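Note that the coordinates shown come from a computational prediction; the quantities given were computed from them, not determined experimentally.
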Amino acid sequence: MIGLMTTPSQRPEPHTPVDIANYLGERRNLFLALVADLRNGYGVNEIAQMAAPALSRPVVQEHLACVRLKEAAVSVLAGAEIGEWLDVSYPEDGSRRPRKVLMQLGGFTEEHDIDETLLSRKAIKVLESAGILCESGTDDAAADLTADIPLILTHFRRE
């Protein structure tokens, strides 16, 4: 067995870093393809079935639900003419864990005369009227939003 051992300078380049980069790139492309298929009119269950060899149905459903929720929130806020002052985010490439749609104040500087508290309350009100709940870690979501703490957006069922 003498002579089979190699020194670090004699070893070939490792395969793992390259393969991980390739895998993550292809995984990102897969999540973006799910979104493209949704926007091209394919149903969520149909997409989940196509993706079954690589992703579980719940992962596909959760990802596409978040994409739809983000788009709905952006549309509602734009319709209320306050969308430019709020940042609603969800990475369509599936890179964020856990999968959550976030909203925070943004789009203005000190030069803008914006009442952040009023804006926060209006955003929460218009989203809730559209069936989108703004969750925070405290009892005052508007105060959290004003304090640069992102809110988590979720759907809720109106009774």
Side-chain angles (χ1 to χ4, degrees), residues 12-109 114 116 119-138 140-159:
E13 290 294 317
H15 296 280
T16 303
V18 172
D19 286 339
I20 287 175
N22 290 339
Y23 167 78
L24 292 174
E26 290 304 317
R27 184 178 187 284
R28 178 183 179 280
N29 290 340
L30 175 58
F31 275 88
L32 292 172
L34 299 175
V35 175
D37 286 344
L38 181 69
R39 291 183 177 142
N40 286 331
Y42 289 90
V44 172
N45 288 329
E46 188 177 8
I47 296 167
Q49 187 173 354
M50 288 186 281
L55 298 170
S56 70
R57 178 176 296 278
V59 167
V60 173
Q61 291 172 330
E62 181 183 31
H63 178 65
L64 295 178
C66 286
V67 169
R68 284 183 168 167
L69 177 59
K70 175 192 169 194
E71 291 174 351
V74 167
S75 178
V76 167
L77 294 169
E81 299 181 356
I82 58 174
E84 67 185 297
W85 309 115
L86 295 148
D87 178 33
V88 179
S89 64
Y90 176 75
E92 295 180 358
D93 64 4
S95 61
R96 182 184 298 149
R97 295 287 188 283
R99 291 183 178 86
K100 301 285 184 197
V101 179
L102 301 178
M103 180 178 71
Q104 57 192 45
L105 294 177
F108 54 88
T109 64
I114 302 291
E116 294 179 8
L119 175 64
S120 298
R121 292 191 194 295
K122 183 174 182 179
I124 292 167
K125 183 177 179 181
V126 298
L127 288 170
E128 286 182 352
S129 69
I132 300 172
L133 182 64
C134 301
E135 297 178 355
S136 75
T138 68
D140 192 348
D144 286 351
L145 189 58
T146 304
D148 291 329
I149 299 171
L151 302 183
I152 299 170
L153 303 184
T154 60
H155 283 292
F156 72 97
R157 187 175 303 179
R158 288 183 275 189
E159 302 297 326

When rounded to the nearest 0.5 angstrom, what is the spacing between CE in Met103 and CD in Glu135?
12.0 Å
Under the side-chain contact (heavy atoms from CB on, under 4.5 Å) rule, collect the residues that match up with Thr146, sequence neighbours excluded.
Glu116, Thr117, Ser120
Around atom CD of Gln49, are there more than 12 heavy atoms from other residues, nucleotides or ligands closer than 6.0 Å?
no
Within this structure, what is the CD1-CZ distance for the pair Ile47 and Arg57, rounded to the nearest 0.5 Å?
11.0 Å
Does Arg68 reach the side chain of Val35, with side-chain heavy atoms less than 4.5 Å apart?
no
Tightest non-hydrogen contact, residues Leu102 and Pro150, listed as CB-CB, 4.4 Å
Do His63 and Leu55 have side-chain heavy atoms sitting under 4.5 Å apart?
no
Work out which heavy atom in Lys122 is nearest to a heavy atom in Ala80; give both atom names and the distance.
NZ-O, 3.5 Å
In chain order, what residues pass the side chain to side chain donor-acceptor pair (under 3.5 Å) check against Asp144, with sequence neighbours excluded?
Ser136, Thr138
When rounded to the nearest 0.5 angstrom, what distance separates CD1 in Ile82 from CD1 in Ile114?
10.5 Å
For Ser56, give me all partners under side-chain contact (heavy atoms from CB on, under 4.5 Å), at least two apart in sequence or on another chain.
Pro58, Val59
Just so I know, are the side chains of Leu86 and Leu145 near enough to count as touching, which here means a heavy-atom distance under 4.5 Å?
yes
Scanning both residues in full, the closest heavy-atom pair of Leu30 with Ala54 reads CD2-CB, 3.8 Å
Considering residues at least two apart in sequence or located in another chain, which fulfil the side-chain contact (heavy atoms from CB on, under 4.5 Å) criterion with Cys66?
Tyr90, Arg99, Val101
Heavy-atom side-chain proximity of Leu133 to Glu128 below 4.5 angstrom:
yes
Taking only residues two or more places apart in sequence, or in another chain, which ones meet Gln61 in a side chain to side chain donor-acceptor pair (under 3.5 Å)?
Asn45
Is there a donor-acceptor pair closer than 3.5 Å between any side-chain N or O of Ser75 and the backbone N or O of Ala72?
no
How far apart are the C-alpha atoms of Ile124 and Leu151, what are their side-chain angles, what is the distance that settles it, and do they pass the side-chain contact (heavy atoms from CB on, under 4.5 Å) test?
CA-CA 10 Å; Ile124 292 167; Leu151 302 183; 4.0 Å; yes
Could you list the residues that satisfy salt bridge (Lys or Arg N to Asp or Glu O under 4.0 Å) with Asp87, not counting sequence neighbours?
none
Can you list everything that forms a salt bridge (Lys or Arg N to Asp or Glu O under 4.0 Å) with Arg28? Sequence neighbours excluded, please.
Asp93
Contacts of type side chain to side chain donor-acceptor pair (under 3.5 Å), residue Glu71, not counting sequence neighbours
Arg39
Looking at Leu34 and Ala51, what are the two nearest heavy atoms and their distance?
CD2-CB, 3.9 Å
Under the side chain to side chain donor-acceptor pair (under 3.5 Å) test, residues paired with Gln104 that sit two or more places apart
none
With a 3.5 Å cut-off and sequence neighbours excluded, list the donor-acceptor pairs that the side chains of residues 13-23 form with protein atoms.
from, atom 1, to, atom 2, distance (Å)
Asn22, ND2, Val18, O, 3.4

